[in-house]
Structure formats: C-alpha cells, structure tokens
Amino acid sequence: MGSVRIPDVSPWRVLHEMRLLPDLASGLAALPALARAPRGAGEPVLVLPGYGAGDASTALLRAFLARLGYRVAGWGLGRNAGDVPKLLPRVIEAVERTAAAARRRVRLVGWSLGGVLAREAARERPRAVERVVTLGSPVVGGPKYTAVGRLYRLRGFDLDAIEREIAARHTARPIRVPIHAIYSRRDGVVAWQACLDRSSPNVEHVEVACTHSGLGIDARVLALVADRLARRR
C-alpha cells in the first residue's frame, strides 16, 4: 500500500462537486433499477454520515433502505466532527446495541468519514457486523488525502502520523468481514486512490461516476448499495 502514490487534494478540487446536478440527471436512468432492488427482511442497517454532516444528510438513503424492508437507523450522534478516537467508542456502542436488539449482525453503510468509522467498528467487533459498504471513504491516510486535510492540520493533527497509524492497523489487524468500497474518480473531496483498500482480505471495489456529494443520493449508487446489502457472502 505504501508504494501507491496518492495525490494531495487541492481545495480547488471541490469545484468538481458542481457536477452534482448533471450527475443526478444522468442517474435518473437508474430509477427502474431501484424498483427492482433486492428487498430486505428486517435486517438491521446502521448508516453513518461524513465529516461535518449528521443524520439529515443520509435521510434519503435511509428512507430508500427502509422501504426495501430493512430496519434502518442513523447513528444518532449529531454532527460528525471528525475526531475518530472520540467517536469510535460511541459508534461501537451503537453497533453492539443495534445487534443485541435485533439479535443478528448489523450491516453498516458509511459515507466518507462515516465509512472509516464503520470499518473500524467492524475491525473491533467483527461478530456484531455482517458487512460494510463505504461511499467515498478515505481508507488510506484518513483525512490526509481529502479536501479537509488542511483543516485537520490547522486543528493540530499530525496527518503523517495518522497515516502511519492507519497503515499499521491495517497490517496488524485486517478487517475480516465483507467490505464493498464504492468510489468515484469524479470525487472532489477525497482522492479516489485513497478509497482503495489493499489490505483487507474480503474487499470489493466498485467504481461509479458521480460526485462525492452524490454518493448518498445518486440512483445508481443507491441501487448498488441495495444489491450489496442483500448479498449473503
């Protein structure tokens, strides 16, 4: 993983997110696929938002999954302020609580930083997690290769140290549950190369064509999420 060069994300790259509306328009062609999406049977799904966002940002995704028959919940922790060490214990608690209430493993869907937290919860509590779907999540380097990397530096975070710590966790304790990593080269927030997981033994990479902001609302992506959540392996 260390041999793969990942470019820094310029703050100007977020201008790529202006493609959101055209991408959504082109995604309308996938609407029939939503009607044909495989249905759930009450399986618990926990959806985690990205940096700076809360449950409102995942409302459409959660409503869609609930309509398919899943027992869906937001994370209920307010705005994602980005402090993973502080947030992770609370996410793990929510996963364990959800799994205990349903008496079955939880499916996790995480958008951007929410996907990082979902992965770490799966790493720590594999018996409570059925599978993980990530949407544009920076699994390499954490915030380093994202448009908010400079904000983390201003807050005093050592991004190089974070990158080394993440790489060490990947090596020492790979995630064993199935992971479906959805990413886009049009992403204006996260370098798409940082979304590629080269350490987990059971990971699938799925490339889509939309903005980072569109990952949780584009019909094409919603259809993919439904398909992956329904898989049994």
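Note: hydrogens, waters and symmetry copies are ignored here, and every other heavy atom, side chains too, is used.
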For the pair Arg131 and Glu43, evaluate salt bridge (Lys or Arg N to Asp or Glu O under 4.0 Å) and give the outcome as yes or no after the intermediate values. CA-CA 12 Å; Arg131 66 184 59 247; Glu43 298 93 335; over 6 Å; no

Checking Cys195 against Val190 for the side chain to side chain contact (heavy atoms under 4.5 Å, CB included) test, could you report, in this order, the C-alpha distance in whole Å, the side-chain angles of both residues, the deciding distance, and whether it holds? CA-CA 8 Å; Cys195 299; Val190 178; 3.7 Å; yes

Working note: Val140 + Leu196, criterion side chain to side chain contact (heavy atoms under 4.5 Å, CB included); need CA distance, chi angles, decisive distance, verdict. CA-CA 7 Å; Val140 179; Leu196 303 183; over 6 Å; no

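- Of all the heavy atoms in Ala128 and Val95, the pair that sits closest is CB-CG1, 4.0 Å.
- The shortest side-chain heavy-atom distance between Pro201 and Arg176 falls under the 4.5 Å cut-off.
- Annotation: side chain of Arg220 is not in contact with side chain of Val208 (no heavy-atom distance under 4.5 Å).
- When all heavy atoms are compared, the tightest approach of Gly74 to Leu46 is O-CD1, 3.4 Å.
- Residue Gly149 comes nearest to Leu159 through the heavy atom pair O-CD1, 3.4 Å, listed as atom of the first residue, atom of the second, then distance.
- Summarising the geometry of Asp227 relative to Pro38, their closest heavy-atom pair is CA-CG, 3.9 Å, with the distance given to 0.1 Å.
- In this structure, the side chains of Leu117 and Asn80 come closer than 4.5 Å at one or more pairs of heavy atoms.
- Counting heavy atoms from C-beta on, the side chains of Trp192 and Arg186 never come closer than 4.5 Å.
- Between the Thr58 side chain and the Leu61 main chain, no donor and acceptor come within less than 3.5 Å of each other.
- Applying the salt bridge (charged side-chain N to carboxylate O under 4.0 Å, His left out) test to every pair with at least one member in residues 104-118, sequence neighbours left out, gives no pairs at all.
- Side-chain atoms of Leu135 and Val225, non-hydrogen and from C-beta on, do get closer than 4.5 Å to each other.
- Looking at Thr171, its side chain does come within 3.5 Å of a backbone N or O of Ala167 through a donor-acceptor pair.
- Screening residues 161-173 for salt bridge (charged side-chain N to carboxylate O under 4.0 Å, His left out) gives Glu120-Arg169, Glu124-Arg169, Glu124-Arg173, Lys144-Glu163 as the qualifying pairs, with residues at least two apart or on separate chains.
- Closest of all the heavy-atom pairs between Ala56 and Arg62 is N-NH2, 4.3 Å.
- Aromatic ring orientation, His205 versus Tyr183: perpendicular (interplanar angle above 60°, classes split at 30° and 60°).
- Within 6.0 Å of atom CZ in Arg155, more than 12 heavy atoms from other residues, nucleotides or ligands are found, so the atom counts as buried in its surroundings.
- Rounding to the nearest 0.5 angstrom, the gap separating the CZ atom in Arg39 from the CG atom in Leu65 is 11.0 Å.
- For Arg67 and Phe64, the positive end is not near the middle of the six-membered ring at less than 6.0 Å and at most 45° from its axis.
- There is a side-chain donor-acceptor pair under 3.5 Å between Asp197 and Ser199.
- No side-chain donor-acceptor contact under 3.5 Å links Asn202 to the backbone of Ile179.
- Residues Ile166 and Val139 have side chains not in contact (no heavy-atom distance under 4.5 Å, counting atoms from C-beta outward).
- Of the inter-residue distances, the one linking Leu151 atom CG with Phe157 atom CZ reads 11.0 Å to the nearest 0.5 angstrom.
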